[in-house]
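Note sheet for the following structure.
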There are 2 protein chains.
Amino acid sequence: MTTTTQLTNVLKTLADPTRRAVFERIAREGEVAATWLVQGSKVSQPAVSQHLRALRDAGLVAERREGRHIHYRVAPKGLGPLIDWLGHYQTFWQERFENLEKLLKGSE
Amino acid sequence: MTTTTQLTNVLKTLADPTRRAVFERIAREGEVAATWLVQGSKVSQPAVSQHLRALRDAGLVAERREGRHIHYRVAPKGLGPLIDWLGHYQTFWQERFENLEKLLKGSE
DNA sequence: CATTCATATAAGCTGTTGCTTATATATTTT
DNA sequence: AAAATATATAAGCAACAGCTTATATGAATG
């Protein structure tokens, strides 16, 4: 089950554009070292580090240490609270949902 | 098309638990007058008013004036930016998505 | 083991957010 | 039009969020 607090956390965490951009890069690139995320970010290394902590605390990313690098990847369950919550509003976005469904079915 | 700003707005707006509770009540009850939302809220009338403004600005609710009451209802397109964005992460929540799909198909 | 590289933490500053009380604006009722 | 009801706005405040610079930790390398 998903708690209100978890949902709030996920929403707050994704609401910041800089942090969301970090998340999106991780999602796109599969597994990324923090250094690489700092490169190509507008903000400083500590800022990125803080965002990564927030993403991890929200359950949105997981980390794997390899030597002195830490690789981040998206945590599959992280978006769960958001998905679940949206489930309650099916009726309101049914049309868009159907588009999404097509996408998922791989009908190009 | 959905802009980053719109998505940020929707996320920020829903991230506050009090405001999200207001949104959820509107969703559940269909069409609600602001007064009614104030009744049964922990916060003051101005606070509710401010939350309603935020929800409207984010495109999440629409209003209809009737006499001196203003009735709020969920705006169908409001969650669009969020749905669209999640579409990019299909692969990460495919399992949950399938549950959702069942729900939508009305298979109880 | 001293240095370099990768990441995290600390401290402080600034802007934003959500709330309050007080007051203003609309609309209806008497 | 005066009073009552419904909502919005203004102003101020306390808490928080995100950034910075400076420094600490942790791991690899010479």
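We name chains A, B, ... by the order of the sequence lines, and we start the count at 1 in each one. The figures here come from the full heavy-atom set of this structure, side chains too, leaving out hydrogens, waters and symmetry mates.
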For the residue pair Thr8(A) and Arg20(B), confirm or rule out a side-chain donor-acceptor distance under 3.5 Å.
yes

Inspect the contact between Glu63(B) and Arg65(B) and indicate whether a charged nitrogen and a carboxylate oxygen are less than 4.0 angstrom apart.
no

Phosphate contact (dT20(C) OP1 or OP2) by Ser44(B) side-chain N/O below 4.0 Å:
yes

Whole angstrom value for the distance that separates C1' of dA8(D) from NE2 of His69(B)
16 Å

Within this structure, what is the CD-to-C1' distance between Glu66(B) and dT5(D), rounded to whole angstrom?
15 Å

Ignoring backbone atoms, establish whether Arg19(B) has a side-chain N or O less than 4.0 Å from OP1 or OP2 of dG18(C).
yes

Any donor-acceptor N or O pair under 3.5 Å, side chains Glu31(A), Trp36(A)
no

Starting at atom CZ of Arg56(B), determine the distance to atom C1' of dA8(D), rounded to an integer number of angstrom.
10 Å

When the distance from NZ of Lys12(B) to P of dG15(C) is rounded to whole Å, what number comes out?
15 Å

Can you check whether Gln45(A)'s main-chain N or O pairs, donor with acceptor, with Ser49(A)'s side chain at less than 3.5 Å?
no

Atom-to-atom span, CG of Leu52(A) to P of dG18(D) - whole angstrom
14 Å

Taking atom types as modelled, is there a side-chain donor on Gln6(B) or Trp85(B) under 3.5 Å from an acceptor on the other?
no

dC19(C) phosphate, OP1 or OP2: any side-chain N/O from His51(B) under 4.0 angstrom?
yes

Pick base, sugar-phosphate or nothing for Ala34(A), based on heavy-atom distances below 4.0 Å to the nucleic acid.
sugar-phosphate

Listed nucleotide nearest any side-chain atom of Asp16(A), set dG18(D), dT17(C), dA8(C):
dG18(D)

Taking atom types as they are modelled, is there a donor-acceptor pair under 3.5 Å from the base of dA8(D) to the side chain of Gln45(B)?
yes

Both Val43(A) and Arg65(A) contact DNA chain D. Which one's nearest nucleotide lies toward the 5' end?
Val43(A)

Whole Å only: how far is the NZ atom of Lys42(B) from the P atom of dT20(C)?
12 Å

Rounded to whole angstrom units, what separation is found between the CG atom of Leu37(B) and the P atom of dA8(D)?
11 Å

Side chain of Gln50(B): nearest nucleotide among dA8(D), dT20(C), dT29(C)?
dT20(C)

Rounded to whole angstroms, how far apart are CG on Leu14(A) and P on dA17(D)?
15 Å

Would you mind telling me which of dA8(C), dG18(D), dT5(D) lies closest to the side-chain atoms of Arg68(B)?
dT5(D)

For dC19(D), take OP1 and OP2 only and decide whether either is under 4.0 Å from a side-chain N or O of Thr18(A).
yes

